[in-house]
Every structure is written in C-alpha cells, then in structure tokens.
Protein chains: 2
Amino acid sequence: MQYSCLMAVDRDHVLRSAAALLTRKATATMDEVAKAAGISRATLHRQFAGRDALVRALEALGIEECEAALDAARLDDGTAQEAVRRLVGELERSAGLLAFLYTENQLFEGDGQHEGWARIDVRVAALFRRGQESGEFRIDLSPAWLTEALYGLMASASWAVTEGRVAAKDYHHMIVGLLLGGALRREEP
Amino acid sequence: MQYSCLMAVDRDHVLRSAAALLTRKATATMDEVAKAAGISRATLHRQFAGRDALVRALEALGIEECEAALDAARLDDGTAQEAVRRLVGELERSAGLLAFLYTENQLFEGDGQHEGWARIDVRVAALFRRGQESGEFRIDLSPAWLTEALYGLMASASWAVTEGRVAAKDYHHMIVGLLLGGALRREEP
DNA sequence: TGCATATGAGACAAGAATGTCTCACACGAC
DNA sequence: GTCGTGTGAGACATTCTTGTCTCATATGCA
C-alpha cells in the first residue's frame, strides 16, 4: 500500500505549491491553494486540518530548509565572510518561502512564534559574532541587527526578483555585496 | 461651521491611529481600527467608504510623508552619502507606516500600485545613481537594488525595534551603517 | 472480476467581516 | 428653546471563507 510514501510525496508537492502561491499572494484562499496544487479542496483539507495547520506545516518546512542550509553552509569553517557567502547561497532556493514566513510572522502578532526560528537566529547571530571577534566584521552593528538585516535583504531581493525589478541571476551578489560591503566604494576590493 | 477644518483634523487623527494599529497588526478589523481611533465603526465608515478606501488613504499619507522627507533631505546637496544619511533620518518618523505599506504592496498582487511610489522610486534611485557617477558608491549594485534594499532595511529595522530585538535609538545608525558601509570592518573608517 | 482506498465534486452550516440602515442623543448655532 | 448636524450604538443582510459532510468515481491490488 506504501502508505507513508505516497502520503509524503503528495504532502510535499502540496507544500511546495502552497509555498509558491503564498509567496506571491499571501492572502490566498484554501481553494486557491488547492487549485494551485492541482487537487480539490476536500483533499487539501484531508492533508491539512485547516489553514493554520497548512501555514504551520509551511513554517516547519521553512525551518527545516533553513537548518539544512545552515548545516550545508558549514558556518564554522573558514572566515566568517566566506561562511556568510555560503549561507546566502544555500538559502537562495528557499528565499521565496522564507520571505513569506518572515512577513507572516510580522503580520500576526503574538501567538508566540515557533521555537525553531529562535534556534536559527542563534546560529546566524553566532556567525556574525564570530566575524566580529575575529576582526572581520565591524562591532558597531549588533549581531542581532545583522541577522535581521540578512532576513530583510533576502525578502526584499526575493520580491524585487518576483516583480522583475532586478535580475534573478544577481540575487546572491546583491545580498552578499550589500550586506558585507555596503554601498560605499572602497579603495581596495 | 468650519466644515473642512474639523473634518480634516478628525480624518488625520483617524489615519494616524489606523497607521499605528495596522503597523502592529496588518489584519486588524475595521472595528478594531475604529476602536483604536476612539470612534465608532459607523463614523469610520462615514469618513472612509470601506477598508480599501482606508488603506488607499494611508497609502496617500505614506506617499505624502515620503515626498516630504525627500524634499527635506535635499537629495541634490552635498555628497550622496550625506544625502542618504539625511534621507534615512527624515524617513525615520514614518518608518512604521512605510513598513506596513511595503508589505501591503507585496501582499496584494496586481491591482497596479499607486503611481506615487514610482515617483519616489525614481528620486531615490536617482540619488544612488548620483553617488555612483560621483564615484562615491560602487557600481556593481544597481540603483534599483539599492533602493529596494533601503526599503527592506527600513522595514526590518522597524519590526526589530517593535519587537524589542534592537534598540530604537540605534535605528538611524543601523540602517545607514549597513546600507553604506556593510558588515565588513575597514581599515579607514 | 471484486474490493478497498483515495480522490473530486458539490452541498451545507457556521463564523467573521463588511457595508448599509435606523434611531436616539449630544453639541453648537441661531 | 429650537433646529441642524454629527455621532454612537446596534440591527440587518450580504459576502467570503472555512470546516464538515455525502456520494459518485477512478485507481490499484488480490
């Protein structure tokens, strides 16, 4: 019967479709989500009890991908600067989903956010702190702010690409270039 | 009878209250908006035909404050770097409202966004372009991206301050410091 | 072929938010 | 005092979304 396998595959496909749709239209209906996934609303409800459950599943997916990206980026290897570059590269695939979840968290106050985000925040902030302690990064910008700025730049870049204001191929360089180097021109690159 | 005067005062007060509330809870109800403004839902409906009208009025207010900030910042005076610093300072008061409108624009696709934003985008992008042409800013980051990044950093900083992750007093330095200088430590500040 | 399971389509009620309406009341002007 | 105007409170219908339900159908396995 291959219960778990079939279920898992469908579930993942639905989640991907939902993420792609909600990234563009955060207020999409359950009916629209179902149509986007190519299934009926009834089936969508059978897999996710309700809209909340769907969003929470997306959140879990986002956290999972984030932590996978954090692992793959090997934040403790090499210089902090190199680690940041790797991290942005690893997170690029999930940028749309993360942008959606980022605003979703701002949108609905309270309810206490998922502990997973706190774990991720800690790891990213630790990377920036490591860069400060090694002398790579300036110390007048707190790790918390650099972490927040990374999220914000990723979301902005994701939207800008979606709306065609910037080119998708520049995604990585735009974020890393600005986050690390800033807009000012320097003598020695 | 002082028609216009009284109406204008109330209208402005309602808009300010709505902006303050919607900044924290973007999905607030018309009833909540009315309560926040200290008026009844009926009166709110008399001033703004509906939720759309309210949001569009807030958008007009945001555009107005943005353009006022652009004027006050005298973008053509002095170095581009100084102009950016002045601009961020002038926009700080409106940061919450602008963060709300920024996400609102991402949230509801299509419907064609207000032309005012295009005018503002042009002016901000022109500032970054001026900085590039004068040799102050690096040229591998497009003015369009720098503009988008400014919005994203302002929104991120606004949320981070609201949620207490960073201090409000650091707002200006966080944005300007990162946008212009980036995270990397430099030999000559 | 026969059976089980998952799905799609649609009906249905419940809830929330909106927009419109009426009515009573307070306030200021005359 | 009286009138006109704006306001608050609340009722009401409407709309949209959601969540649950039933039933017919297709797909896969024995």
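Just so we're on the same page: letters track the sequence lines, and every chain starts at 1.
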J.: Please give, in whole Å, the distance from C/dT18 P to B/Asp31 CG?
T.: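 Atom-to-atom, B/Asp31 to C/dT18, this comes out as 8 Å.
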
J.: Could you tell me which residues satisfy side-chain contact (heavy atoms from CB on, under 4.5 Å) with B/Ala80, sequence neighbours excluded, listed by chain and number?
T.: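 Only B/Leu127, B/Arg130, B/Glu136, B/Phe137 meet the side-chain contact (heavy atoms from CB on, under 4.5 Å) criterion with B/Ala80.
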
J.: For DNA chain D, which residues in residues 49-61 of chain B have a heavy atom at a distance below 4.0 Å?
T.: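 Under 4.0 Å from DNA chain D: no residue of residues 49-61 of chain B.
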
J.: Quick one: list whatever passes salt bridge (Lys or Arg N to Asp or Glu O under 4.0 Å) with B/Arg74, sequence neighbours left out.
T.: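 Scan of B/Arg74 (salt bridge (Lys or Arg N to Asp or Glu O under 4.0 Å), adjacent residues dropped) gives B/Asp77.
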
J.: Of all of residues 33-43 of chain B, which get a heavy atom below 4.0 angstrom from DNA chain D, listed by number?
T.: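 Result for residues 33-43 of chain B: B/Gly38, B/Ile39, B/Ser40, B/Arg41, B/Ala42, B/Thr43, sorted by number.
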
J.: Ring centroid separation for A/Trp159 and B/Tyr151, is it under 6.0 angstrom?
T.: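 No - the distance between ring centres of A/Trp159 and B/Tyr151 does not fall below the 6.0 Å cut-off.
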
J.: B/Gln47 CD to D/dT5 P: how many Å, rounded?
T.: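 In whole Å, D/dT5 P and B/Gln47 CD are 18 Å from each other.
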
J.: Can you tell me the distance, in whole Å, between the NE2 atom of A/His45 and the P atom of D/dT17?
T.: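 Nearest whole value for this atom pair: 13 Å.
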
J.: Which residues pass the side-chain contact (heavy atoms from CB on, under 4.5 Å) test with B/Glu92, sequence neighbours left out?
T.: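 For B/Glu92 the side-chain contact (heavy atoms from CB on, under 4.5 Å) partners, ignoring immediate neighbours, are B/Tyr171, B/His172.
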
J.: Distance criterion of 3.5 Å, no angle test: do you see the side chain of A/Arg46 paired donor-to-acceptor with the base of D/dG19?
T.: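 Counting by modelled atom types and ignoring angles, no donor-acceptor contact under 3.5 Å is found here.
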
J.: Kindly write out the residues that satisfy side-chain hydrogen bond (donor to acceptor under 3.5 Å, both in side chains) with B/Thr43, not counting sequence neighbours, or none if the list is empty.
T.: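 Checked B/Thr43 against side-chain hydrogen bond (donor to acceptor under 3.5 Å, both in side chains); matches are B/Ser40.
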
J.: Side-chain polar contacts of residues 28-38 of chain A - donor-acceptor pairs under 3.5 angstrom, sequence neighbours left out - could you list them?
T.:
from: A/Thr29; atom 1: OG1; to: A/Glu32; atom 2: OE1; distance (Å): 3.4
from: A/Asp31; atom 1: OD2; to: A/Lys35; atom 2: NZ; distance (Å): 3.1
from: A/Glu32; atom 1: OE1; to: A/Thr29; atom 2: N; distance (Å): 2.7
from: A/Glu32; atom 1: OE2; to: A/Lys25; atom 2: NZ; distance (Å): 3.0

J.: Tell me every residue that passes side-chain contact (heavy atoms from CB on, under 4.5 Å) with A/Glu65, counting only those two or more places apart in sequence or in another chain.
T.: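 Checked A/Glu65 against side-chain contact (heavy atoms from CB on, under 4.5 Å); matches are A/Arg16, A/Leu61, A/Ser94, A/Leu97.
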
J.: Could you tell me how far apart A/Leu44 (CG) and C/dT7 (C1') are, to the nearest whole angstrom?
T.: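 So the two atoms are 13 Å apart, to the nearest Å.
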
J.: With a cut-off of 3.5 Å and sequence neighbours excluded, list every side-chain donor-acceptor pair involving residues 138-146 of chain B.
T.:
from: B/Arg138; atom 1: NE; to: B/Asp140; atom 2: OD1; distance (Å): 2.9
from: B/Arg138; atom 1: NH1; to: A/Gly177; atom 2: O; distance (Å): 2.8
from: B/Arg138; atom 1: NH1; to: A/Gly182; atom 2: O; distance (Å): 3.0
from: B/Arg138; atom 1: NH2; to: B/Asp140; atom 2: OD2; distance (Å): 2.9
from: B/Asp140; atom 1: OD2; to: A/His173; atom 2: NE2; distance (Å): 3.0
from: B/Ser142; atom 1: OG; to: B/Trp145; atom 2: N; distance (Å): 3.1
from: B/Trp145; atom 1: NE1; to: A/Met174; atom 2: O; distance (Å): 3.2

